[in-house]
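Below is one structure, written out as structure tokens; comments come after it.
Computed from a predicted structure; not experimentally measured. In the text below, chain A, chain B and the rest are named by the order of the sequence lines, each starting its count at 1.
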2 protein chains.
Amino acid sequence: MVSIKDVARVAGVSDKTVSRVVNREPNVTPDTIEKVQLAIADLGYIPNLAARSIRSSRTNIIGIITDFISTTPYSGDIVRGVQDWAGANGRTVLLANTDGDFDREANVWRTFKAHRIDGVLYVAMYHRVVAPTAGEVTIPTVLVNSHPEEGYAYPSIEPDDFGGSYDLTQHLLALGHRRIGYIRLNPLLLGANQRLDAFLAAAQAGGIAENDIIIRLGMEGPIGRETNYVYREALDILSMPDRPTALVCGNDEMALQAYLAALYLGLRVPGDITIVGFDDFRTVSLALKPELTTVALPYYDLGWQGADMLDQLVQGKGSETERRVLKCMVVTRQSSA
Amino acid sequence: MVSIKDVARVAGVSDKTVSRVVNREPNVTPDTIEKVQLAIADLGYIPNLAARSIRSSRTNIIGIITDFISTTPYSGDIVRGVQDWAGANGRTVLLANTDGDFDREANVWRTFKAHRIDGVLYVAMYHRVVAPTAGEVTIPTVLVNSHPEEGYAYPSIEPDDFGGSYDLTQHLLALGHRRIGYIRLNPLLLGANQRLDAFLAAAQAGGIAENDIIIRLGMEGPIGRETNYVYREALDILSMPDRPTALVCGNDEMALQAYLAALYLGLRVPGDITIVGFDDFRTVSLALKPELTTVALPYYDLGWQGADMLDQLVQGKGSETERRVLKCMVVTRQSSA
DNA sequence: AATCGCAATGACAACGTCGACATTGCTAAT
DNA sequence: ATTAGCAATGTCGACGTTGTCATTGCGATT
């Protein structure tokens, strides 16, 4: 591998001068700069970041720790957001996945420390409460799509499930719906309760009677291996003699099953039944016909802004306890009327 | 940061001896080993991999370059496969995304070279032909989910779309279907043609008459911004007076739209119409009711085995031109009968 | 003309680790 | 008793880079 010394020799200057050119330090003659840059291009020299980091004890690497990267596919957007931030700011991204396993997580922390990375984004693939103790964290860390357990102080960034759900419910009320079904997410998910609470709050504020709200549990059990009642419950709700005019689903995959149930029963969306989802998981929300009214989760921004928060933290400017919450926008499509 | 010398001081040995213990070299007294390990634990020493890599000019880091990581969510499984391999073999994964942009890709290669990583997995998020020239590749590279353009020699690993599609078609023939609809993927995708070709080959081999095969184009246009005709075409095929008894869809999202069309027309799956997909994108294939018969793409194994091929290559044992193809399994569920 | 100030450049050490080689001390063979 | 052999440990330098400080040379000031 060609090193700074090779460049120095070819350019006829000292290695330190090459270093100055590479790092754009002041007080170098334009002449010299040109000579050096020529030599660099000639030799195809690329600085060795490992060597640099030994001297400067900063690596410009940030790590991402994920738990279930593949089970909730849309949250890949978080990773993309982080990557784009990193690309735009001259950082590189180390990626590691724990599958939710404690030992593997401890290992990942060890590896990250061994690489002396600057900071860690601890990304939960579903919105939840989290305590990243496996590594006795000593690297600056920001929690993404989750927030710290009581008593732990980490900065965090998460979506405003409550606000999104509240707005979505208001959208239904504005359309005149007065009897509404609701199929709940797995209660283990943080978002599940926030979404339900917001739905109930908005419904109450809108003057909906309690017995005009039909709530069913769509899923339960450990994440990744849950049992799914959505289709059955949707069929059941939609077969009621006084069936609701709108059906709110915990997420878009549930909405998909609600569509199937509705169509199976010969109902038209949205003519006979309005159906809405949550997440704006576009593979589903746009494939559904009519396209699905849902709430877009700001996954990409969660990643980007999370990386930015981490950067602040690394530079000592960030708050140890900032808890940032990002708005979720209602996306109105043709499934609601 | 605590270094090997700190440990040496505390343990009362030389730094080299600590190094020996850390690297499990032979010829160290059990006594010494224990003293050193105690000191290591005491101080929380973790070797600095950057320093190590300067000496040994191997980093044990492999890089993943992806193009469209988020648009096709299931292919996150490839990344997971690579990660798991890396975790099991003491490597770390650097991740970078290009969004299909040439300049960004060139940048990524630069960064990877600057990190002196051992090798690169060039992961195409949809199966296609690829020529990773942006970096004038000098790092050992394996193409995943794609194969090299004519004239370029890279090892590659990809799914056997043809075989999977052939088997799936045979499954339909075995069920007695003699008149079959087919909705094509975007022709830009490598898999699109392989799947269609296999379908036609299997149908012909099974003695299906040409006019008992109804082929429609489901999508076209640039990846990520295509126009989608699937729902319309499905409605159209299923409204034919002599409608086919089975409908093959280019992928599972298309199958989803076919379900919606069938149900809209009051048809039962699989009673009135058998529908099958491709990919086994479980978010869809399992959410559909009845659950979808489809073909599972070996994404995870693509990642794992790709990483393994790369490792061989890095160690100089691999072939520069190996082209590995992984079998795709038909997953029989309730949508076909 | 002598001095000062400063821009431009270089020499050298240090970062943390490990490979090459040297040293020590013990056992076994003569 | 001497030596050879080898296991256990240590010394030192190198990897590629940059920070610190020193040196050079030149124009400006007195």
> From D/dT18, D/dT17, D/dT9, pick the nucleotide closest to the side chain of A/Asn48?
Replying inline: D/dT17

> Under the 3.5 Å rule, do the base of D/dT18 and the side chain of A/Arg55 count as making a donor-acceptor pair?
Replying inline: yes

> Can you find a heavy atom in the side chain of B/Leu302 that is under 4.5 Å from one in the side chain of B/Glu158?
Replying inline: no

>> In terms of relative ring orientation, are A/Trp109 and A/Phe112 parallel, tilted or perpendicular, with 30° and 60° separating the classes?
In response: perpendicular

> For A/Ser57, which contact category applies under a 4.0 Å heavy-atom criterion: base, sugar-phosphate, or nothing?
Replying inline: nothing

>> Tell me the interatomic distance from B/Asp15, atom CG, to D/dA14, atom P, rounded to whole angstroms.
In response: 16 Å

> Quick one: B/Glu25 CD to D/dA8 P, roughly how many Å, whole number?
Replying inline: 13 Å

> Expressed in angstrom and rounded to an integer, what is the separation of B/Asp31 atom CG from D/dA8 atom C1'?
Replying inline: 12 Å

>> Rounded to whole Å, how long is the line connecting atom CE of A/Met1 with atom C1' of D/dG16?
In response: 12 Å

>> Testing the 3.5 Å rule here: is there a donor-acceptor pair between the side chains of B/Thr59 and B/His115?
In response: no

> B/Arg52 has an atom CZ; how far is it from atom P of D/dG16, in whole Å?
Replying inline: 18 Å

>> Can you measure B/Ile4 atom CD1 to D/dT11 atom C1' for me and round it to whole angstrom units?
In response: 14 Å

>> Using whole Å, what does the distance between atom C1' of nucleotide D/dG19 and atom CZ of A/Arg58 come to?
In response: 17 Å

> Going by an N to O cut-off under 4.0 Å, is there a salt bridge joining A/Arg104 and A/Asp67?
Replying inline: no

> If only side-chain N and O atoms of B/Asn27 are considered, is one of them under 4.0 Å from the OP1 or OP2 phosphate oxygen of D/dC6?
Replying inline: no

> Checking all strands, does A/Ser56 fall into the base, sugar-phosphate, or nothing category for heavy-atom contacts under 4.0 angstrom?
Replying inline: nothing

>> So A/Pro26, base contact, sugar-phosphate only, or nothing? Heavy-atom distance under 4.0 Å.
In response: nothing

>> I'd like to check A/Leu94 versus A/Ile64 (side-chain heavy atoms, cut-off strictly below 4.5 Å). Are they in contact?
In response: no

> Toward the 5' end of DNA chain D, which comes first, B/Thr29 or A/Ile54, by nearest nucleotide?
Replying inline: B/Thr29

> How many angstroms lie between atom NZ of B/Lys16 and atom CD1 of B/Ile4, to the nearest 0.5 angstrom?
Replying inline: 8.5 Å

> If you walk 5' to 3' along DNA chain C, what is the first nucleotide with an atom under 4.0 Å of a heavy atom in chain A, and what is the last?
Replying inline: C/dA8 to C/dC15

> Out of D/dT18, D/dA7, D/dT17, which has the shortest distance to the side chain of A/Ser19?
Replying inline: D/dT18

>> If we check side-chain contact (heavy atoms from CB on, under 4.5 Å) with A/Tyr45, which of these qualifies: A/Val2, A/Val10, A/Asp6?
In response: A/Val2

